[in-house]
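These notes concern the structure reproduced below.
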Amino acid sequence: MRSTGFRRSFVMLMASSVALTATACGSSGDDDAANGKTRITVNCEPPKSAKTDRSFFDADVAAFEKANPDIDVVTHDAFPCQDPKTFDAKLAGGQMEDVFYTYFTDAKHVVDVNQAADITSYVKDLKSYGTIQQQLRDIYTVDGKIYGVPRTGYSMGLIYNKALFEKAGLDPDKPPATWEELRADAKKIAALGKGTVGYADYSAQNQGGWHFTAELYSQGGNVVSEDGKKAAVDTPEGKAVLQNLKDMRWSDNSMGSKQLLVINDVQQMMGSGKLGMYLSAPDNIPILVKEKGGNYNDLALAPMPGGKGTLIGGDGYMFNKKDTPAQIKAGLKWLDHMFLTPGKGFLGDYARAKQNDAPVGLPEPRLFTGAADAKDQQVKKANANVPVENYQPFLDGNQGLQMKIEPPQAQQIYSVLDAAVSAVLTKKDADIDQLLEDASGKIDSILARG
């Protein structure tokens with residue numbers, strides 16, 4: 001899955017645009033415009049309801065076309081940038097744009113169904129490609145061939161309310177480092193009463209399975225075997241995840257009585273000051289402030305408890321298999337201009353973001369390495385308008401964690417794991433061993449189907 005606030009400033013208007021979906025079909029195969037220019041269609045343009053981001057995006061496209069007068073960029077707006085309900089249908093119908101948005105978990109699937117262009121011989125012309133984190137580049141490399149370029153990346157951590165920590169007698173600068181510590185802290189926060197919840201988790205709409213995976217990774221476990229052919233959830237680590245949730249829900253009463261929560265529910269709880277902790281990526285923080293009533297000074301970020309691993313995700317662009325060489329080259333130039341130049345472009349122009357009251361200084365996305373990363377961080381720091389010290393524990397702690405991508409067939413697997421998570425949170429007598437055995441069998445079937 002993607003994290004909710006997947007773009008730097010787009011989060012400001014997320015609520016007003018959540019109902020919008022992709023409205024335009026691709027025109028792949030239209031090699032060139034009538035005027036002789038190379039024409040490319042691209043998606044993930046912010047919708048008109050997101051006025052600020054739309055103006056940024058369109059201005060950057062106009063600047064690109066001015067610098068590259070031989071290229072014509074046709075943009076398609078969409079929110080979300082990819083709708084899982086229509087994505088496969090567009091693929092099957094050959095309706096994808098020439099350069100189209102994907103989640104990390106889509107890459108292999110798009111290649112497997114033969115809808116992606118092999119861009120291996122072209123990326124040498126992408127100036128920024130070698131500066132992108134290798135583990136993110138690898139996501140779009142299938143069987144040694146390159147089929148896409150990452151645009152953003154995120155890793156899961158623990159958002160916590162410093163004000164509630166203080167009220168509960170906890171050190172706000174010492175977030176829990178283990179699940180045992182988290183359980184103890186959650187119990188103290190819940191004891192504040194007046195509807196205060198210590199820890200909340202998702203358990204519906206595939207989001208419970210997503211967080212189960214993150215919690216499993218944090219304890220050193222895996223959802224599937226190394227070869228991707230068998231389930232790996234019916235293990236001591238998998239049992240520990242469900243047992244911890246069950247104990248906090250029923251023994252500690254630290255998770256509240258309302259369950260089957262999804263991300264918006266939990267964000268509302270945190271923004272209103274009634275929640276101590278929940279798992280999230282950094283991009284949730286602006287949503288909590290801009291839409292849910294939270295305060296930047298109260299919201300801090302820690303690494304995943306458990307200390308062994310964290311789930312990473314993100315997005316990027318792939319190229320339609322019908323693209324001509326000229327279109328692939330033009331698309332790579334466009335990506336370089338829009339997203340992959342440190343301190344510039346739609347995601348990197350931090351000065352412009354600050355001037356428009358968009359949050360600058362969040363610890364992620366962090367796409368680059370070496371000198372490119374240093375440049376990006378320097379410009380970000382110079383324009384920071386959020387309390388960056390609140391995120392230092394996350395940055396420090398992540399250095400020792402294994403970064404692990406989502407499992408294959410992620411959405412189908414998350415649906416299965418949803419049932420296990422929701423069961424332990426809604427049924428006091430839920431049988432964890434049976435839940436994991438059932439989930440394992442269903443996941444095996446999903447993997448067998450490919």
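Remember, predicted model here, so these are calculated numbers, not experimental data.
- The main-chain N or O of Gly208 is never found under 3.5 Å from a side-chain atom of Ser203 such that the two would form a donor-acceptor pair.
- Of the residues listed (Tyr101, Tyr154, Tyr103), the one engaging Asp315 in a side-chain hydrogen bond (donor to acceptor under 3.5 Å, both in side chains) is Tyr101, and it is the only one.
- Val197 places none of its side-chain heavy atoms less than 4.5 Å from the side chain of Tyr278.
- The environment of Lys404 atom NZ is dense: over 12 non-hydrogen atoms of other residues, nucleotides or ligands sit within 6.0 angstrom.
- Rounding to the nearest 0.5 Å gives a distance of 12.5 Å between CG of Asp323 and CE of Met96.
- Proximity of Leu401 to Pro303: side-chain heavy atoms (C-beta onward) are separated by under 4.5 Å at one or more points.
- Evaluated for a side-chain contact (heavy atoms from CB on, under 4.5 Å) with Ile189, the options Asn161, Leu170, Leu275 yield exactly one hit, Leu170.
- Within the 4.5 Å cutoff, the side chain of Tyr350 has heavy atoms near those of the Asp376 side chain.
- Pairing each heavy atom of Gln205 with each of Val262, the nearest pair is CD-CG1, 3.6 Å.
- For Arg137 and Tyr129, the positive end sits near the middle of the six-membered ring, less than 6.0 Å away and at most 45° from its axis.
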- Message: Pair Tyr202, Asp265 - check side-chain hydrogen bond (donor to acceptor under 3.5 Å, both in side chains), show working.
- Response: CA-CA 9 Å; Tyr202 314 150; Asp265 302 317; over 6 Å; no
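- Every residue meeting the side-chain contact (heavy atoms from CB on, under 4.5 Å) condition with Glu180, not counting sequence neighbours, appears here in chain and number order: Thr178.
- The side-chain contact (heavy atoms from CB on, under 4.5 Å) test with Ser225 singles out one residue from Val223, Asp227, Asn222, and that residue is Asp227.
- Minimum heavy-atom separation, Ala358 to Asn385: O-ND2, 3.0 Å.
- Lys321 has its side chain within reach of Asn114: a pair of non-hydrogen atoms, C-beta onward, lies under 4.5 Å apart.
- Distance check, rounded to the nearest 0.5 Å: CD of Gln133 to CG of Asp373 gives 7.5 Å.
- Checking side-chain atoms of Asp118 against main-chain N and O of Thr120 turns up a donor-acceptor pair under 3.5 Å.
- Between Asp60 and Arg352 there is a salt bridge, since at least one side-chain N of the basic residue sits less than 4.0 Å from a carboxylate O of the acidic one.
- Thr369 places a side-chain N or O within donor-acceptor distance of the main-chain N or O of Thr131, the cut-off being under 3.5 Å.
- Counting heavy atoms from C-beta outward, Asn284 and Leu299 have side chains that stay 4.5 Å or more apart.
- In terms of modelled atom types and a separation under 3.5 Å, the side chain of Thr41 and the main chain of Val74 share no donor-acceptor contact.
- Inter-residue side-chain proximity for Val421 and Glu215 is flagged as unmet; no heavy-atom pair is nearer than 4.5 Å.
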- Item | Step-by-step side chain to side chain contact (heavy atoms under 4.5 Å, CB included) determination, Leu447 to Lys229 | CA-CA 6 Å; Leu447 295 172; Lys229 296 180 178 180; 5.7 Å; no
- Task: Could you walk me through whether Gln268 and Asn264 pass the side-chain hydrogen bond (donor to acceptor under 3.5 Å, both in side chains) test, one step at a time?
- Result: CA-CA 6 Å; Gln268 191 63 53; Asn264 186 63; 5.4 Å; no
- CA sep, side-chain torsions, deciding dist, call: Met338, Val61, side chain to side chain contact (heavy atoms under 4.5 Å, CB included): CA-CA 7 Å; Met338 292 291 292; Val61 169; 4.0 Å; yes
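- No option in Glu406, Gln409, His211 other than Glu406 meets the side-chain hydrogen bond (donor to acceptor under 3.5 Å, both in side chains) test with Tyr414.
- Closest approach of Pro305 to Trp179, counting heavy atoms only: O-NE1, 3.2 Å.
- Atom NZ of Lys66 is surrounded by 12 or fewer heavy atoms from other residues, nucleotides or ligands within 6.0 Å.
- Across Gly273 and Leu164, no two heavy atoms sit closer than the pair O-CD1, 3.6 Å.
- Side-chain contact between Val110 and Phe87 is present, with heavy atoms from C-beta onward closer than 4.5 Å.
- Shortest non-hydrogen contact noted between Lys380 and Val360 is O-CG1, 3.6 Å.
- Gly276 approaches Phe165 most closely through the heavy-atom pair O-CE1, 4.3 Å.
- Between the OG atom in Ser422 and the CG atom in Leu417 there is a gap of 10.5 Å [rounded to 0.5 Å].
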- Item | side chain to side chain contact (heavy atoms under 4.5 Å, CB included) between Leu91 and His109, worked out | CA-CA 10 Å; Leu91 274 180; His109 171 63; 4.1 Å; yes
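- Between the side chain of Ser55 and the backbone N or O of Thr52, at least one donor-acceptor pair lies under 3.5 Å.
- Here Met255 contributes atom CE and Leu245 contributes atom CG; the two are 5.0 Å apart, rounded to the nearest 0.5 Å.
- Annotation: Phe346 is in aromatic contact with Phe57 [ring centroid separation under 6.0 Å].
- For Lys167, the NZ atom counts as loosely surrounded, since its 6.0 Å shell holds 12 or fewer non-hydrogen atoms of other residues, nucleotides or ligands.
- Put simply, the side chain of Thr341 never gets that close to the backbone of His337: no donor and acceptor are under 3.5 Å apart.
- Of the possible donor and acceptor atoms, one in the side chain of Tyr317 sits under 3.5 Å from a partner among the backbone N and O of Asn43.
- The environment of Lys274 atom NZ is dense: over 12 non-hydrogen atoms of other residues, nucleotides or ligands sit within 6.0 angstrom.
- Put simply, the side chain of Asn206 never gets that close to the backbone of Asp418: no donor and acceptor are under 3.5 Å apart.
- Between Lys290 and Asp357 there is a salt bridge, since a side-chain N of the basic residue sits under 4.0 Å from a carboxylate O of the acidic one.
- Put simply, the side chain of Ile40 reaches to within 4.5 Å of the side chain of Trp334, judged on heavy atoms.
- In this structure, Gln115 contributes its side chain and Gly94 its backbone to no donor-acceptor pair below 3.5 Å.
- With rounding to the nearest 0.5 angstrom, the CG atom of Asn390 is 9.5 Å from the CG atom of Leu301.
- By the neighbour-count criterion of 12 heavy atoms within 6.0 Å, atom CD of Glu226 is sparsely surrounded, having that number or fewer from other residues, nucleotides or ligands.
- In this structure, CG in Leu425 is found 4.5 Å from CD in Gln259, a value given to the nearest 0.5 Å.
- In this structure, Lys162 places its NZ atom where more than 12 heavy-atom neighbours from other residues, nucleotides or ligands lie under 6.0 Å away.
- Relative ring orientation between Phe104 and Tyr140 is described as perpendicular, the plane-to-plane angle rising above 60° on a 0-90° scale split at 30° and 60°.
- Checked by atom type and distance alone, the side chain of Lys90 never pairs as donor or acceptor with a backbone atom of Glu97 at under 3.5 Å.
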Distance-only donor-acceptor hits, side chain of residues 391-399, under 3.5 Å, sequence neighbours excluded:
residue, atom, partner, partner atom, Å
Gln392, NE2, Asp396, OD1, 2.9
Asn398, ND2, Ser155, OG, 2.9

- Evaluate the side chain to side chain contact (heavy atoms under 4.5 Å, CB included) criterion for residues Arg54 and Glu45: first the C-alpha distance (whole Å), next the side-chain angles of each, then the deciding distance (0.1 Å), finally the verdict. CA-CA 7 Å; Arg54 177 82 167 213; Glu45 177 188 30; 3.3 Å; yes
